[in-house]
Protein chains: 2
Amino acid sequence: MDKVDCIFFQLSKAYQLGNRFLTQKVSELNLTSVQAMILGFLDQEDQVTSSELGKRAELDSATLTGILDRLEAAGFIERRGNPDDRRSIHIHLTKKGKTMAREAARVIAEANTDFLQILNENEKHDLLNIIEKLRHEITRS
Amino acid sequence: MDKVDCIFFQLSKAYQLGNRFLTQKVSELNLTSVQAMILGFLDQEDQVTSSELGKRAELDSATLTGILDRLEAAGFIERRGNPDDRRSIHIHLTKKGKTMAREAARVIAEANTDFLQILNENEKHDLLNIIEKLRHEITRS
DNA sequence: TGCAATTAACTTGTGTACGAGTATAACAGA
DNA sequence: TCTGTTATACTCGTACACAAGTTAATTGCA
């Protein structure tokens, strides 16, 4: 078990590194990295259902429920009924939430640039392409 | 916030993909991915202190304590006092633990090969090198 | 129309990551 | 020696990932 050659170990540590980096950057907004990402997605378009948001963010519904709970408690979003389908809900950004979502999107973009600054253009391109290839090829259950 | 270009999003999903893949492979041993990794490290050398193991596995001591609790409860390891430094403990693989550690190392190696099969030699090399560069260059706290 | 299958959101339980703090032990310098 | 610093392992609290299961609403099909 050489950790240097173990892709699972390396992916895990690379993720943790990126996550700590982003977490630190968005902590000025009193958000976690995942909360900032979700607000970033809602900055593009709110009034989406929970399941649409889950698909966009590629998050499990059990995970998303908890995140939405905390964003709602912080006053950034509201859950509203969907008259077209009473099983689902609409996620709505509050005024405060819209402002925060814009800020979150800005900080994430900055952090992305800062983090990738270490790599040259080829490496950035290769990294994203290889991850995309893995994600596309690995059969997900 | 385009998730395709967001390195944090992509690293997170790449990690989750790898972790699910490994978790599924080691589930036949009734282990989690992290437990299998720790046993894999102990297969190389046991009788290490918790902090040495933490350094090797690059795990926080708070995280490691919980993992060791579960490995101990399952009968794979024992915590023994260290007479040389009474603050620390020695982690000792039981007989059952040695067998399981060997199996874990084997399954991880197989999973690694299976997972990386998707990439060609250049891509494997590039991916591991780029991750190493990121991990080396990003200032950790 | 009626019923089975599916879907949306949620709940519960377990495992891990990690910040913060604790008690004990070891150590280093005055 | 005494004291302040550091190190080890631990606890606690919060957040997320995910498997499994629940309830209620919708849909598809005979």
Side-chain angles (χ1 to χ4, degrees), chain A residues 8-9 11-24 26-27 30-38 48-74 77-91 140-141, chain B residues 8-9 11-24 26-27 30-38 48-55 57-74 77 79-91 140-141:
Chain A
F8 308 112
F9 184 86
L11 282 178
S12 152
K13 297 309 168 184
Y15 154 68
Q16 285 170 21
L17 183 65
N19 194 51
R20 276 197 299 274
F21 190 92
L22 181 59
T23 297
Q24 204 265 322
V26 297
S27 68
N30 279 308
L31 294 173
T32 67
S33 58
V34 174
Q35 288 164 12
M37 293 266 208
I38 292 296
V48 290
T49 66
S50 185
S51 85
E52 284 167 355
L53 184 56
K55 285 192 189 82
R56 211 189 295 176
E58 301 179 32
L59 276 179
D60 188 81
S61 82
T63 304
L64 190 51
T65 294
I67 295 165
L68 294 179
D69 285 348
R70 287 178 283 277
L71 289 176
E72 191 171 31
I77 65 163
E78 283 168 10
R79 284 169 160 103
R80 292 183 175 175
N82 177 3
D84 294 344
D85 183 343
R86 290 169 37 244
R87 289 171 303 182
S88 69
I89 56 169
H90 274 311
I91 315 289
R140 342 199 179 3
S141 73
Chain B
F8 307 112
F9 184 87
L11 282 178
S12 150
K13 297 309 168 185
Y15 154 68
Q16 285 170 22
L17 183 65
N19 194 50
R20 274 197 301 273
F21 189 91
L22 181 59
T23 296
Q24 204 265 321
V26 297
S27 69
N30 279 307
L31 294 174
T32 67
S33 59
V34 175
Q35 289 163 10
M37 292 265 209
I38 291 296
V48 290
T49 66
S50 185
S51 86
E52 282 165 355
L53 185 56
K55 284 190 189 83
E58 302 179 35
L59 277 179
D60 189 81
S61 83
T63 303
L64 190 51
T65 294
I67 295 166
L68 294 179
D69 285 348
R70 286 178 282 278
L71 289 177
E72 191 171 31
I77 65 163
R79 285 169 160 103
R80 294 182 174 176
N82 177 4
D84 295 344
D85 183 343
R86 289 171 37 245
R87 288 170 303 183
S88 69
I89 56 168
H90 274 311
I91 316 290
R140 339 193 176 10
S141 80

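Proteins get letters first, then strands, A, B, ... in listed order; numbering begins at 1 in each.
In this structure, the side chains of Ser12(A) and Asn19(B) stay at 4.5 Å or more apart for every pair of heavy atoms. Residues Tyr15(A) and Gln16(B) form no side-chain contact, since every pair of their non-hydrogen atoms from C-beta on lies 4.5 Å or further apart. Looking at heavy atoms from C-beta onward, Leu64(B) lies in side-chain contact with Ile38(B) at the 4.5 angstrom threshold. For the pair Leu71(A)/Ile91(A), no side-chain contact is recorded, criterion being any heavy-atom separation below 4.5 Å from C-beta on.
In this view, Thr63(B) and Leu59(B), Asp60(B), Ile67(B) satisfy the side-chain contact (heavy atoms from CB on, under 4.5 Å) rule, not counting sequence neighbours. By the salt bridge (Lys or Arg N to Asp or Glu O under 4.0 Å) test, Arg79(A) is found to be paired with Asp69(A), Glu72(A), residues two or more places apart in sequence or in another chain being considered. Residues forming a side chain to side chain donor-acceptor pair (under 3.5 Å) with Gln35(A) (at least two apart in sequence, or on another chain): none. Residues forming a salt bridge (Lys or Arg N to Asp or Glu O under 4.0 Å) with Arg70(B) (at least two apart in sequence, or on another chain): none. Every side-chain contact (heavy atoms from CB on, under 4.5 Å) that Thr49(A) has, sequence neighbours left out, goes to Ser51(A), Glu52(A), Asn82(A), Ser88(A), His90(A). Remark: Ala36(A) engages Val26(A), Leu31(A), Ala104(A), Ile108(A) in a side-chain contact (heavy atoms from CB on, under 4.5 Å) (not counting sequence neighbours). Legend: residues meeting salt bridge (Lys or Arg N to Asp or Glu O under 4.0 Å) with Arg86(A), ordered by chain and number and at least two apart, are absent.
Straight-line distance from the CD atom of Gln16(A) to the P atom of dA17(C): 5 Å, rounded to whole Å. In this entry the distance linking CD of Glu58(B) with C1' of dC18(C) reads 15 Å, nearest Å. Counting to the nearest Å, the C1' atom of dG15(C) and the CE atom of Met37(B) are 15 Å from each other.
Across all strands, Asn19(B) comes closer than 4.0 Å to no nucleic acid atom at all (heavy-atom distances). In this structure, Asn82(A) reaches neither bases nor backbone, as no heavy-atom distance under 4.0 Å exists between it and the strands shown. Contact annotation for Thr23(B): no contact, since no heavy-atom pair falls under 4.0 Å across all strands.
Along DNA chain D, the nucleotide nearest to Ser88(B) and the one nearest to Thr32(A) differ in position, and the one closer to the 5' end is contacted by Ser88(B). In terms of position on DNA chain C, the residue among Val34(B) and Pro83(B) whose nearest nucleotide sits closer to the 5' end is Val34(B). Along DNA chain C, the nucleotide closest to Asp84(B) and the one closest to Tyr15(A) are compared, and the more 5′ of them pairs with Tyr15(A). When each of Gly66(A) and Arg86(A) is assigned the nucleotide of DNA chain D with its nearest heavy atom, Gly66(A) is the one assigned upstream, toward the 5' end.
Bounding nucleotides for the chain B contact on DNA chain D, 5' to 3', at a heavy-atom distance below 4.0 Å, are dA7(D) to dC18(D).
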With 3.5 Å as the limit, what N/O pairs link the protein to nucleotides 10-14 of chain C?
unit_1: dC10(C); atom_1: OP1; unit_2: Arg79(A); atom_2: NE; d: 2.7
unit_1: dC10(C); atom_1: OP2; unit_2: Thr65(A); atom_2: OG1; d: 3.3
unit_1: dC10(C); atom_1: N4; unit_2: Ser61(A); atom_2: OG; d: 3.1

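Checking the phosphate oxygens (OP1, OP2) of dT16(C), a side-chain nitrogen or oxygen of Gln35(B) falls inside 4.0 Å.
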Readout for nucleotides 2-7 of chain C: B = base within 4.0 Å of protein heavy atom, S = sugar-phosphate only, - = neither; 5' to 3' it is -----B

